[in-house]
Undergrad: 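Sharing a structure below in structure tokens format, with a few things to ask.
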4 protein chains.
Amino acid sequence: MKNTFGNNMTVTIFGESHGPAIGIVLDGLTPGMDIDQEFIAHQLTLRRPAGKISTARKEADPYQILSGAFEGKTTGTSMCIMIPNADTHSSDYSELKSTARPGHADYTADVKYHGFQDYRGGGHFSGRITAALVAAGGVLIPALNKKGIYIGTHIKSCAGVEDRAFSCDGVKGYQGDIDTLKDASFAVLDEEAAKEMLARMEAIAAEGDSVGGVLETVISGVPAGVGEPWFDSVESLLSHGLFSIPAIKGVQFGDAFAMVNGRGSEYNDAFRMDGDRVVTKTNHNGGINGGITNGMPILFSCAVKPTPSIYKQQETVDFKNGVDKDLSIQGRHDPAIIHRARVVVDSVAAIVIYDALVGRFGTDYFA
Amino acid sequence: MKNTFGNNMTVTIFGESHGPAIGIVLDGLTPGMDIDQEFIAHQLTLRRPAGKISTARKEADPYQILSGAFEGKTTGTSMCIMIPNADTHSSDYSELKSTARPGHADYTADVKYHGFQDYRGGGHFSGRITAALVAAGGVLIPALNKKGIYIGTHIKSCAGVEDRAFSCDGVKGYQGDIDTLKDASFAVLDEEAAKEMLARMEAIAAEGDSVGGVLETVISGVPAGVGEPWFDSVESLLSHGLFSIPAIKGVQFGDAFAMVNGRGSEYNDAFRMDGDRVVTKTNHNGGINGGITNGMPILFSCAVKPTPSIYKQQETVDFKNGVDKDLSIQGRHDPAIIHRARVVVDSVAAIVIYDALVGRFGTDYFA
Amino acid sequence: MKNTFGNNMTVTIFGESHGPAIGIVLDGLTPGMDIDQEFIAHQLTLRRPAGKISTARKEADPYQILSGAFEGKTTGTSMCIMIPNADTHSSDYSELKSTARPGHADYTADVKYHGFQDYRGGGHFSGRITAALVAAGGVLIPALNKKGIYIGTHIKSCAGVEDRAFSCDGVKGYQGDIDTLKDASFAVLDEEAAKEMLARMEAIAAEGDSVGGVLETVISGVPAGVGEPWFDSVESLLSHGLFSIPAIKGVQFGDAFAMVNGRGSEYNDAFRMDGDRVVTKTNHNGGINGGITNGMPILFSCAVKPTPSIYKQQETVDFKNGVDKDLSIQGRHDPAIIHRARVVVDSVAAIVIYDALVGRFGTDYFA
Amino acid sequence: MKNTFGNNMTVTIFGESHGPAIGIVLDGLTPGMDIDQEFIAHQLTLRRPAGKISTARKEADPYQILSGAFEGKTTGTSMCIMIPNADTHSSDYSELKSTARPGHADYTADVKYHGFQDYRGGGHFSGRITAALVAAGGVLIPALNKKGIYIGTHIKSCAGVEDRAFSCDGVKGYQGDIDTLKDASFAVLDEEAAKEMLARMEAIAAEGDSVGGVLETVISGVPAGVGEPWFDSVESLLSHGLFSIPAIKGVQFGDAFAMVNGRGSEYNDAFRMDGDRVVTKTNHNGGINGGITNGMPILFSCAVKPTPSIYKQQETVDFKNGVDKDLSIQGRHDPAIIHRARVVVDSVAAIVIYDALVGRFGTDYFA
């Protein structure tokens, strides 16, 4: 299905970095949902570069809703959101026609598309395309919020600095942190950690190098009983979406990679009644048992690889001519994208959860 | 799509642990592929319990191909493989109707299916259902092999013991290890590590506890140019399938979680020509750039959580009556499933790669 | 998607006429639905040959539910229904390996499957495979009935004889005829027409020739608002399923081919209030406006071509050797299948409507 | 899947008649296909109103390719084609908020979308949305032509006038007629019939009434062996797409509804060798046996109902207030759309055949 994702509420993405526009079509939305244009703009701003650790490109990201909206609400028909491209400098990119930037998709795109791909600025592989996902998230997140579902992502680790853990106290315990992250331009919960992280990131940027990190996400308020045992487990659906985000190379739920040398007696989440509600005393499984939500917050984290665009000279090939060459990437590029990626992760999470809920409860669920 | 997975070659799974049979339907197979019944049986045997770290249940796993085969070859029509259930002791499981085993899906299944699920032995959530995936893999893996594609999985880490890394020397370098793993009943490359691992696993089993671990997989020989930038990245497709396997809670490609505090200059895989072939000097990205294969071996690893079935007493709830209770699980169960899961991982990988190749090159690709 | 059909409740079909078994997997069923085994058997009997206008083959069609059922109810997990093949005479069919029966799929199957298809008895193209659809219908129809949705099909026209029209009096007006058809072995409403039709069919059969006809179907009780304007119109979904039934070559909704030379003023269905319910005074549009149900009965009819198996000598080719030849088909075969096909049409209609309803209202709709 | 259609090459449609724009996303295109902008514009012009039997609205249909194109060729990534709306007079439509035009989707849309639909000009149900399908066809048809596949549709019957049959002489025999139809503004093969048809249509229009008709289509050059026996038969795929076109209520392949009272001996298409090629002497089955192409031209016809918009006073309801009312539709509307629909039928046919071919032969098939 390539550029379409989802079972009941689908998103179809399009666009190249230096083409006329990028965009996304959302299909299967509940009719009558409020469209909060300010929130969509807010989300797009969170994805935009800011400060020394981001590139100079000004992406105002003005967007236009072409369909599926009427009098401020969703109609229930397919909604196309278009974001025109502007401020593109195509001349920067001519070398990419035949030179593979290490860690990038220039070579694999050339093999797949036989040289017909728009290679400028990464084309269809550009991180810019994630703005379309963020716009979609901007439509969906308020609808989820109205159902008591909240999503928050912080930079758990970057440049050797760890953020504090989410502060959790019971089922709703993450709410304070989610609120804090909502408008944060640099999504780190601990202020000291944030400062140290930024300082290290800037130092590494000054060296012409780049960093990655870990993004940790919580989704609270998803009712128990959502997901499937085989193939459409909540983990399957979320990871499917998340691995589409450039630079994400690992996804774990709960304490996955921490559990591997532990024991069942340590990591089984004991069930307990909390009033008439079933809860777990711990949440090592990230709110999911057997692929299905158990009503506890869904917790997952994503490994973001160091941004491949670096200024340091690198070894590579001219794949058109089949010869080795050295490459020094010029032009603007980000020494880190993790602080921008977090709103993309939120948006993908929103897409997946929205889709799962309308599949389970019908197309009017978000009325 | 629930119990169906894949875009062009799909698998549809069915069955409960204690129902009449489990099985799988493969659809979209190339006509004329040899069916190696001995190999299918061999794969099913690799999934079967053996030794002190597995339960006593004898699952002979006799299977029957009900359709899609004629004169020893695939016809190209949908192939149903059925594996009848036998040796089931339903009386063991009556408590599960209302008691949630921690770490298991008893509670989430009850919420999702409103109490109508077959709760015996985990029902549709049982690890037994993975035998159907293994049977499917038994059909697909020989076809992949004929195309020069090989898959191998070893237990990278378990019970605090690490196996040696895959020995890699160039694109084909993994072949020796893959050959070694092909028939291994305990898939650890280093013999000393294997002994130590087994000893620790048995000790933990003797305590009534359980372990997890990390499975590491290589897929060699996949041509460059397979996969999609958005939504159907090779990482997306593989993780979608892998997260269906019970107990897998994390998936990473290449060195994902190891890269998070590193730098671009360390982890960008430099390209180089190897004769007229483009290769990378390192493979931190696991053979995938921008969601698309680059011709290097695909590398991924899966975090397997400790088996939730333990003999130690645990806290839980009676979810029918909404009260806390203590639970001591009786009957047979595995203190570890990682040694059995590895052939399931191989099989899911085979399903995903086969599907991607027929999508890219057409339904006759494996002729 | 080939052998899988549906969006939310899917069916996956498998089997060849002379293989070990045929069957179907239903996925996405509401948990807790009663399984009426007697009704399933009844439906399978309606599809079985009877009398002079059907072949001698005794297909007892014993079926087995392999999964997805527990204590007489659906569990909500995937349900595989298997129907073993028996009474197969493979020796009858050896000529089909290289000889194309006119009107049959022997040649096209050979091109598609490169000669690896199971050619015996039509293989995967055999009308016998429709028994699997009928079994699926046997599970779904009682659930639809509980929601007030009823389906009935009669032979509108065959061998030059016309049945009377459905007697319709308001929204529920078809109920009497639907009840009549429920158990009818020869689904013709007018007794005189039935006699005349049968007599003509037998006469044509005696000549070694065959007939087709028109099947007309009503689905009453589907609520308004189901279906989609683009691509998943109710007409699109129904026709997609119906054109899978062998011999069906035309599908029309309402008075389609009768309207083509009429005028808007004749065929627009005027709306009127019936109490607080919106109805139409006529139903030329077959209960569907803009692809979406309007609450009136859905009406469609299918053109069934004359059964291609005839005893008369025919011109054809030996496609393996590329030479013309004459063919006289031996063995048993039906001079008409229209009286058997009607329960297949009912079943496909049930699959489509069930799927559309769980997509619209969620997976618990049929609880 | 609602607004997305196709298995391997998909189209996703969006837009309302009076919103900012309509459009379509094509995904799964072969990279490197020439984009013939002149041809796309030509096709859009064929869909535009002309003469006395069309409305006055001037739809220049300027379109913009937003993505998936580079240097005049397809890139292989998703291609969004946007057609901005202009010349919209929203004030015409206020009555439709609560009044159901007979034969239209106003009422069903209101039920489905709970009153949130954009009711202006039919909104998402408007025939205008078919311009997006035509634009998609404009991309695909030249690629099919390069493979020797040609599509042509004529008005077989309208207002009681019959066009002559396609002149067929062997496999390629339709080519002359297809060439004739390519640029025809009124797609009738016989000039006298065309004149008579137009005269009658104008007379009926003058009465404030409307007409429908039959469109007959030929697709030549599709290789044998394309399609599936179950669920994705060529008939299933084509009808699924065709029934999305507003006003199409019936689809038949070959001589479907003419065969119903005939005999097998009349309608079985005898096979014969034509050199080393298998052909049929007749083509009553429309080039399809068992759901799979047999290499003969695919033939189908569509019943187009009389356009529901008529000037004559009609009975209907105010569905918001639940009362009967009379309606006289004002404003511009077409007394016939059959002459405009034919290029939509061609486009849908192109979508289906393109999709089936890349599914069968891989994504590079149209290179």
Side-chain angles (χ1 to χ4, degrees), chain C residues 2-3 5 13 100 102-103 105 108 111-112 124-125 160 209-210 212-214 224-225 228-233 235-236 239-240 243-244 249-250 252-253 256-257 259-261 263-265 267-268 270-273 276 278 289-290 292 294 303 305-308 310 312 315-317 319 322 324, chain D residues 2-3 5 13 100 102-103 105 108 111-112 124-125 160 209-210 212-214 224-225 228-233 235-236 239-240 243-244 249-250 252-253 256-257 259-261 263-265 267-268 270-273 276 278 289-290 292 294 303 305-308 310 312 315-317 319 322 324:
Chain C
K2 307 175 181 82
N3 288 281
F5 177 57
I13 204 165
T108 55
V111 175
K112 178 174 175 62
H124 192 51
F125 295 78
D209 215 332
S210 68
V214 174
E228 301 290 335
W230 295 99
F231 303 134
D232 281 357
S233 75
E235 292 111 325
S236 292
S239 68
H240 191 137
F243 276 121
S244 291
K249 298 293 282 188
Q252 64 176 333
F253 293 86
F257 281 100
M259 291 196 273
V260 297
N261 285 315
R263 300 188 180 191
S265 58
Y267 286 110
N268 277 354
F271 288 101
R272 271 304 181 240
M273 297 308 302
D276 61 354
V278 173
N289 291 135
I292 296 175
N294 65 14
K305 73 172 184 177
T307 313
I310 58 175
K312 292 187 170 180
E315 294 180 330
T316 189
V317 296
F319 50 79
D324 291 345
Chain D
K2 309 176 180 83
N3 288 279
F5 177 58
I13 205 166
T108 55
V111 175
K112 178 174 175 63
H124 192 52
F125 294 79
D209 215 330
S210 69
V214 174
E228 301 291 334
W230 296 100
F231 303 135
D232 281 358
S233 75
E235 292 110 326
S236 293
S239 68
H240 191 137
F243 275 120
S244 292
K249 297 294 284 188
Q252 64 176 332
F253 293 86
F257 281 100
M259 290 195 275
V260 296
N261 285 314
R263 301 189 181 191
S265 57
Y267 286 110
N268 277 353
F271 289 102
R272 271 303 181 241
M273 297 307 303
D276 60 356
V278 173
N289 292 134
I292 297 175
N294 64 15
K305 73 171 184 176
T307 314
I310 58 175
K312 292 187 170 180
E315 294 179 330
T316 189
V317 295
F319 50 78
D324 291 345

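Quick caveat, the model's predicted, so the values are computed rather than measured. We name chains A, B, ... by the order of the sequence lines, and we start the count at 1 in each one.
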Undergrad: Pick from C:Ala303, C:Ala256, C:Ser233, C:Gly322: which one has the most heavy-atom pairs with chain D under 4.5 Å?
TA: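 Option with the top pair count is C:Ala303.
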Undergrad: Do you know which of C:Gly103, C:Gly213, C:Ala105, C:Gly212 has the most heavy-atom pairs under 4.5 Å to chain D?
TA: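 Of the options given, most contacts go to C:Gly213.
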Undergrad: Among C:Asn261, C:Ile310, C:Val111, C:Ile13, which has the most heavy-atom pairs under 4.5 Å with chain D?
TA: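 Result: the option with the highest number of such pairs is C:Asn261.
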Undergrad: At what distance, to the nearest 0.5 angstrom, does CZ of D:Phe125 lie from CD1 of C:Ile292?
TA: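 Output value for this atom pair is 3.5 Å.
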Undergrad: Examine whether an atom of D:Asp324 lies under 4.5 Å from a heavy atom of chain C, and if so say whether it belongs to the side chain, the backbone or both; otherwise answer neither.
TA: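 When you check distances to chain C, atoms from both the backbone and side chain of D:Asp324 fall under 4.5 Å.
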Undergrad: Heavy-atom distance under 4.5 Å to chain D: side chain of C:Asn294, backbone, both or neither?
TA: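 Both parts, heavy atoms under 4.5 Å.
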Undergrad: Does any backbone or side-chain atom of C:Ser265 lie under 4.5 Å from a heavy atom of chain D? Answer side chain, backbone, both or neither.
TA: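 Looking at C:Ser265, backbone and side chain both touch chain D.
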Undergrad: Among C:Ser236, C:Ala100, C:Gly160, which residue has the highest count of heavy-atom pairs closer than 4.5 Å to chain D?
TA: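 When all of C:Ser236, C:Ala100, C:Gly160 are compared, C:Ser236 has the most.
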Undergrad: So which residue, C:Met259, C:His124, C:His240, ends up with the most heavy-atom pairs under 4.5 Å with chain D?
TA: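 Top count of heavy-atom pairs under 4.5 Å with chain D: C:His240.
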Undergrad: Looking at C:Val317, is its backbone amide N or carbonyl O close enough to the side chain of D:Arg272 to form a donor-acceptor pair, meaning the two atoms are under 3.5 Å apart?
TA: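 Looks like no, no N/O pair under 3.5 Å.
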Undergrad: If you count heavy-atom pairs under 4.5 Å between each of C:Glu228, C:Lys305, C:Lys312, C:Lys249 and chain D, which one has the most?
TA: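 Top count of heavy-atom pairs under 4.5 Å with chain D: C:Lys249.
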Undergrad: How far apart are the C-alpha atoms of D:Phe319 and C:Phe271, what are their side-chain angles, what is the distance that settles it, and do they pass the side-chain contact (heavy atoms from CB on, under 4.5 Å) test?
TA: CA-CA 9 Å; D:Phe319 50 78; C:Phe271 288 101; over 6 Å; no
Undergrad: List for me each residue that meets side-chain hydrogen bond (donor to acceptor under 3.5 Å, both in side chains) alongside C:Ser239, sequence neighbours excluded, and say none if there are none.
TA: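 By the side-chain hydrogen bond (donor to acceptor under 3.5 Å, both in side chains) rule, C:Ser239 matches D:Ser239.
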Undergrad: Using non-hydrogen atoms and a 4.5 Å limit, figure out which bit of D:Tyr267 sits close to chain C: side chain, backbone, both or neither.
TA: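 For D:Tyr267, side-chain heavy atoms alone lie under 4.5 Å from chain C.
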Undergrad: Picking from D:Val260, D:Val278, D:Thr307, which has the most non-hydrogen pairs under 4.5 angstrom with chain C?
TA: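 Highest number of heavy-atom pairs under 4.5 Å: D:Val260.
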Undergrad: Could you have a look at D:Ala270, D:Gly290, D:Gly264 and say which one has the most heavy-atom pairs with chain C under 4.5 angstrom?
TA: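 Sorted descending by pairs with chain C, the first entry is D:Gly264.
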Undergrad: Angle between ring planes, C:Phe5 versus D:Phe231, binned at 30° and 60°: parallel, tilted or perpendicular?
TA: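 Parallel.
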Undergrad: Compare every heavy atom of D:Lys2 with every heavy atom of C:Asp232, then report the nearest pair and how far apart it is.
TA: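 In this case the closest contact between C:Asp232 and D:Lys2 is OD2-N, 3.1 Å.
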